[in-house]
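To start, the structure itself, in structure tokens.
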Amino acid sequence: MNSNSESMAQGRETGTLGKLMVLLDLVTHADAPLRFTDILALAGQPRGTLHRQLSHLVEEGLLELDGDGRYAPGLRLLDFAARSWARNEFRLIAEPHLAALQQATGETVHLGVLRGQSIIYLDKVDGRQPVRMYSQIGNASPCYCTGVGKAALSLLPADLLADLLAGLNFTGFTASTHLSAETLLAEIREITDQGYAFDREEHEAGIRCVAAPLWSQDRSFIGGISITGPAYRLSMELLRQWAVPVQLAAGRIMEDMRVRLGPRR
């Protein structure tokens, strides 16, 4: 079980909906299907209550129970996710600009939004020569070791950034990953000055990117877009050249968001 799942179970509201959401979070974020006893140990709910709630979630198709008594995400969640993704206004606005950036560079392009300490990928346009990488639509990646994540952090006010950095648990995914708030903060200051960020093989060995920050007028959306590819194709010199195109694409997306999502009269 990962630490994110454990923290979800500890701080959630105790109402009925909150308890159901805790169970969905635990099961969907688990690395493998969970048995009833696993969920019981994590959820902190009475056995009888937990059994009823899990039964309701299975009946509604939100969870599935296999023949070995293990719970996994249900197919209905996929339907919800697909509909949410298809109707997401930010993604729809960004879509043509992501496609144009992919066509210009030939590499994979990402759109991500900052949620807590993670970047959630809203869209991904694969390059002409796709490379296997962790990022998938709906996946979450740590903000401190991804280009989009660090670009998004550069938008946060100093007090919010300090609070977020204080709560980070740094994991060394590669030899290049930041392992302290001090070194990360120093790079975020550089990103704020220059307007773009790099991922220097910090989350996945052999994968690099250049990213630009992206935000809505009311700051309800803070994230970024990136051009990502294998290190053997994307030298740091090439990524620096692509900093301008990715910034221009981000600017076009934000202008379209301003026009299409601005105050309605």
Side-chain angles (χ1 to χ4, degrees), residues 88-115 118-127 133 135 137 139-157 160-161 164 176 178 184-204 207-231 233-261:
N88 184 279
E89 288 186 281
F90 293 116
R91 188 195 68 79
L92 293 173
I93 289 170
E95 188 173 36
H97 301 289
L98 302 180
L101 196 57
Q102 187 276 333
Q103 285 294 314
T105 63
E107 299 294 346
T108 298
V109 175
H110 293 102
L111 168 69
V113 60
L114 183 66
R115 287 291 181 267
S118 299
I119 281 293
I120 308 297
Y121 295 106
L122 296 183
D123 208 350
K124 176 181 180 180
V125 184
D126 282 317
M133 59 183 79
S135 60
I137 295 171
N139 275 6
S141 291
C143 61
Y144 61 88
C145 59
T146 55
V148 171
K150 291 185 293 181
L153 292 181
S154 74
L155 300 172
L156 293 179
L160 294 182
L161 178 60
L164 188 150
S176 302
H178 283 288
L184 176 60
L185 182 58
E187 184 178 1
I188 291 171
R189 287 170 177 157
E190 293 179 3
I191 294 166
T192 301
D193 291 339
Q194 63 194 17
Y196 55 89
F198 295 117
D199 174 353
R200 302 175 178 85
E201 303 182 58
E202 296 161 48
H203 190 212
E204 296 180 83
I207 300 295
R208 291 176 179 161
C209 89
V210 59
L214 193 62
W215 66 94
S216 59
Q217 283 186 296
D218 61 0
R219 296 292 172 122
S220 61
F221 177 100
I222 291 180
I225 60 173
S226 67
I227 305 168
T228 307
R233 282 207 303 263
L234 275 61
S235 66
M236 291 306 301
E237 180 181 357
L238 179 58
L239 288 179
R240 290 187 183 92
Q241 294 174 16
W242 281 350
V244 172
V246 78
Q247 287 177 292
L248 291 174
R252 295 186 190 104
I253 293 170
M254 287 188 288
E255 175 60 18
D256 280 0
M257 286 197 295
R258 184 190 67 80
V259 171
R260 293 172 58 178
L261 301 181

Working note: Glu202 + Tyr144, criterion side chain to side chain contact (heavy atoms under 4.5 Å, CB included); need CA distance, chi angles, decisive distance, verdict.
CA-CA 9 Å; Glu202 296 161 48; Tyr144 61 88; over 6 Å; no
Glu255: what forms a side chain to side chain donor-acceptor pair (under 3.5 Å) with it, not counting sequence neighbours?
Arg258
In this structure, CD1 of Ile119 is separated from OG1 of Thr146 (nearest 0.5 Å) by 5.5 Å
For the pair Ser216 (side chain) and Phe221 (backbone), establish whether a donor and an acceptor sit closer than 3.5 Å, ignoring hydrogens and angles.
yes
Go through the steps for Leu111 and Leu214 under the test side chain to side chain contact (heavy atoms under 4.5 Å, CB included), then give the verdict.
CA-CA 9 Å; Leu111 168 69; Leu214 193 62; 3.5 Å; yes
Partner residues of Glu187 under the salt bridge (Lys or Arg N to Asp or Glu O under 4.0 Å) criterion, sequence neighbours left out:
Lys150, Arg200
Would you say the ring centers of His110 and Tyr121 fall short of 6.0 Å from each other?
yes
Without swapping roles, check the side chain of Thr108 against the backbone of Gly229 for a donor-acceptor pair under 3.5 Å.
no
Is the shortest side-chain heavy-atom distance between Val246 and Thr105 below 4.5 Å?
no
Which heavy atom in Ala250 sits nearest to a heavy atom in Pro213, and how many Å separate them?
CB-O, 3.7 Å
Atom pair CZ (Arg240) and OH (Tyr196), whose distance is rounded to the nearest 0.5 Å:
7.5 Å
For Ala94 and Ile253, the nearest pair of non-hydrogen atoms, with its separation, is CB-CD1, 3.8 Å
Going by the rule side chain to side chain donor-acceptor pair (under 3.5 Å), which residues pair with Arg233 if we only count those two or more places apart in sequence or in a different chain?
Glu107
Is the side chain of Gln247 donor-acceptor paired with the backbone N or O of Gly195 at a distance under 3.5 Å, no angle test?
yes
Measuring from Leu234:CG to Gln241:CD, what's the distance to the nearest 0.5 Å?
10.5 Å
Could you go through His97 and Asp256, starting from their C-alpha distance and side-chain angles, then the distance that decides it, and tell me whether this counts as side chain to side chain contact (heavy atoms under 4.5 Å, CB included)?
CA-CA 10 Å; His97 301 289; Asp256 280 0; 2.8 Å; yes
Straight-line distance of Arg189 CZ to Leu184 CG, nearest 0.5 Å
10.5 Å
Give, for atom CG of Leu155 and atom CG of Leu161, the distance between the pair rounded to the nearest 0.5 Å.
10.5 Å
What closest approach, in Å, do Leu239 and Cys209 show between heavy atoms, and which atom pair accounts for it?
CD1-O, 3.8 Å
How close do Ala140 and Ile120 get, heavy atom to heavy atom, and via which atoms?
CB-CD1, 3.4 Å
Test Cys143 against Leu164 for side chain to side chain contact (heavy atoms under 4.5 Å, CB included), laying out the working first.
CA-CA 10 Å; Cys143 61; Leu164 188 150; 3.9 Å; yes
CG on Leu122 to CZ on Arg91, rounded to 0.5 Å:
9.0 Å
Check Ala151 against Ile191 and note the closest heavy-atom contact, atom names and distance.
CA-CG2, 4.2 Å
Is there a side-chain contact between Leu101 and Ile227 in this structure, where contact means two heavy atoms from C-beta onward sitting under 4.5 Å apart?
yes
Any side-chain heavy atom of Leu92 sitting closer than 4.5 Å to one from Glu95?
yes
